[in-house]
Amino acid sequence: MINSETNSNVIDINHLTVGYGIREVLSDIQANVTRGQFVSILGPNGVGKTTFLRTLSRHLKKIRGNIELNEKNIDDFSQKELAKELAVVLTTGVNTELFTGFEFAAMGRYPHTDFIGRLNESDKQMVMDILNLVHAENLAHRPMNEMSDGERQKLFIARALCQEPEIILLDEPTAHLDLKHKMEIMHILRNSCREKNITIIASMHDIDLAARVSDQVALVKDGKIIAWGLPEEVLTGENVRELYEMDRIGYDRTLATIEIKYQADELYHTGKVFCIAGSGSASILFRSLVKAGYIVSTGVLHDNEIDYHVASSLDLKIACAPAYEKITFNMINECEDLIKEADFVIDSGFIARDLNIANIELINFAVNSGKKVYSLRNPDELKNFGLESGGIIPISCDYELLKAINGKNNKVICKV
Amino acid sequence: MNKILAIENKRYIYLFPLFVILFLLSGIGNLFVGAIDISVPDFFKIITGTISDQAPESYILLKIRIPRIIASLIGGGFLAVSGLLMQVCFRNPIVGPYILGISSGATLTVGIVMLSSFSLGFAGISPYMTVFASFAGALGVMIIIVTVASRMKSVISLLLIGIMMGYIAGAITNILIAFANKEKIKGFILWGNGSFSGFSWNEIQILLIIGFIILFIIYLLSKPLNAFLLGEDYAQSMGVNIRFFRLLVITLACAMASLVTAFAGPIGFVGMAVPHMSRILFKTQDNRILIPACIVLGGIIGSICDLIARTAFAPAELPLSSITAIFGAPIIISLLIRRRYKL
């Protein structure tokens, strides 16, 4: 499959300005797309993603600049030539209720069939193959008015693939879909890039999904494309926050996940918690506690562990240690101060070894300073660490803990 | 391969022969029913020339009944195809030749000829005069719609313009009626109900030749028509030249409707209801099947309605549009109520 063509640019965009008549929506776009890549266009609603895609598909006249497909100006293609290069998946409704899945997908053969659109045997075989590829072979016989949104979307993609294009442009291909179909659609698209060397440009809303499937992402904001490049490079916490102008969103580059910061503030919260954590034992707890309105602080976490990434994208107060280094006295002191402020303390049951064994001391400190301590640790293990059950409430797992604290501590505390 | 072939909808393989037989039967049935009974042996005697051309039976059969049957079969079919094209092009289920103002345009010009003093110069109104006026009116509305269509971006605005044209034409016609004398009004109202009667063989020839030329062109467009079902954006992305195609389809649909309206007057409901019936019976939206289906079903409906119109209260003849409406409206209503098929 690897030949000289494989890595050539299939689309070159030069100083492109798109919009409606004199109203410029996005200006001076500069980009090129390599064959077989998956490009996601990200940005808030109404920012011009669809306008950009519609200009690429020539549904909309560009205002200025140049678009080249395979080094040929897009304006020089006849409508039929363009149909063989470029297919679209749109959000507009279609009026094909009585079409079967097969008939609908076969509409994609349009540019390749004769003047009354007869399918020959190889066309039929190809349509069936593509229906198999998009896991829609079971839809071949069924009329479209009996299908769900996800099933229809698969057929829209099958139809586009039947057109045998080099490029497929998709406008929000996963909007309104359930998780299963969302994942399935992304998988199908990703496979099409890999197996058929098709270039895909899709406007998307799921950043976490885009980070996982895209070769390139473009961030659209304020009338221009503010970044276009590798998702690993472009999708940073800061860029994502800026893109959506949301302080409450935490995006973690390592995990490629979005966290919602509930911002429990000093005046209005359900309580203050200190969570002694580590090695991923508290990630779920952090999210749940923040959601329940607690002000959560944690420590001591090494800055390479998953608990650290989750805690920082949730904006928790963290006493933090550099990766692979021992916990110092200063860090412990910092935690002790946080424990004193907390209403109760949680021991997440982290695995305690050489580098973080000092955290066990924090449990002791909490008990001695009279705080209520919930521990998710095995009681035998507590005994081994010399921690007797006095003052420690053993809890079997994280959701049991949530039930326990929500039962007793669900009053809003107001400090004046 | 067999598995793939099985996927395709093959209902038409047995439905077409069935409906073609019905089409012929409805035509043949019409032959023998009427104010004057013509028996089967008589029929063959007339055809073979055993009964002279001058005999009344012979005159009725050759000069009145057969042209009328052909007109009702073909006219119904043409109106249905016209309605189908409009429904696909406007992506709207309630569109038909009647709604787009073509019939109203024809009614207006015929009204001018029949009701106003304009006709005073003639000793009585020649039937060709109404045909000519009707065609001019339909053509006038069609030219306005097509001109606007080439500039309009949205098909919905175009549809509304067609409806508005219908209102204007209707309003002017009503003003003409207000000033006309009673005898003229009766003739005009009878014409306005539409009828397949009074076709001469010459007119039949014109109807057949022009009609089938248009029909042939329409059939060649069934591929882009299918693409249109996905909407103009998808059609364009598959290689259809939208503006040119839209213009062409509207022109052909209007021409087809104008042709029938010119000779038979405005006939409602066939153009709108028959495409829906075809979709439901053939369970498809593929226009390659629907175009011939509309011809056959439209013909059946046209000739049955005509038969009812001329025999139900014979010798009085019922207005054809009333019959098509009484047949057509319940069909539309039952479709909407069953809702299995989304209009």
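The structure presented is a predicted model; accordingly, all values stated were derived computationally and were not measured. Lettering follows sequence order; numbering is per chain, from 1.
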Checklist entry - Taking the six-membered ring of Y110(A), is NZ or CZ of K223(B) closer than 6.0 Å to its centre and within 45° of its axis? => result yes
Next on the checklist: Could you check whether R152(A) pairs with E97(A) (Lys NZ or Arg NE/NH1/NH2 to Asp/Glu carboxylate O, under 4.0 Å)?
Outcome noted: yes
Next on the checklist: At a heavy-atom distance under 4.5 Å, which candidate from S222(B), A227(B), S237(B) has the highest pair count against chain A?
Outcome noted: S237(B)
Next on the checklist: Could you check whether any side-chain N or O of R142(A) sits under 3.5 Å from a backbone N or O of G101(A), counting only pairs where one atom can act as donor and the other as acceptor?
Outcome noted: no
Checklist outcome for this item: Turns out that what part of L90(A) lies under 4.5 Å from chain B's heavy atoms comes down to both
Next on the checklist: Given heavy-atom pairs under 4.5 angstrom as the criterion, report whether the side chain, backbone, both or neither of F156(A) touches chain B.
Outcome noted: side chain
Checklist entry - Which region of V88(B), side chain (C-beta onward) or backbone (N, CA, C, O), has a non-hydrogen atom less than 4.5 Å from a non-hydrogen atom of chain A, or is it both or neither? => result neither
Checklist entry - Do the charged groups of E164(A) and R109(A) touch, with an N to O distance under 4.0 Å? => result yes
Checklist outcome for this item: Looking only at V127(A), L82(A), T113(A), most heavy-atom pairs under 4.5 Å shared with chain B are made by T113(A)
Checklist entry - When you check the side-chain N and O atoms of Y234(B) and T92(A), is any donor under 3.5 Å from an acceptor? => result no
Item to check | Close aromatic pair by centroid cut-off 6.0 Å: F90(B) and F228(B) | outcome: no
Next on the checklist: Need one label for R91(B): side chain, backbone, both or neither, based on atoms under 4.5 Å from any heavy atom in chain A.
Outcome noted: both
Checklist outcome for this item: Ranked by heavy-atom pairs below 4.5 Å to chain A, first place among N241(B), L225(B), D233(B) goes to D233(B)
Item to check | Structural part of S78(A) lying under 4.5 Å from a heavy atom of chain B | outcome: neither
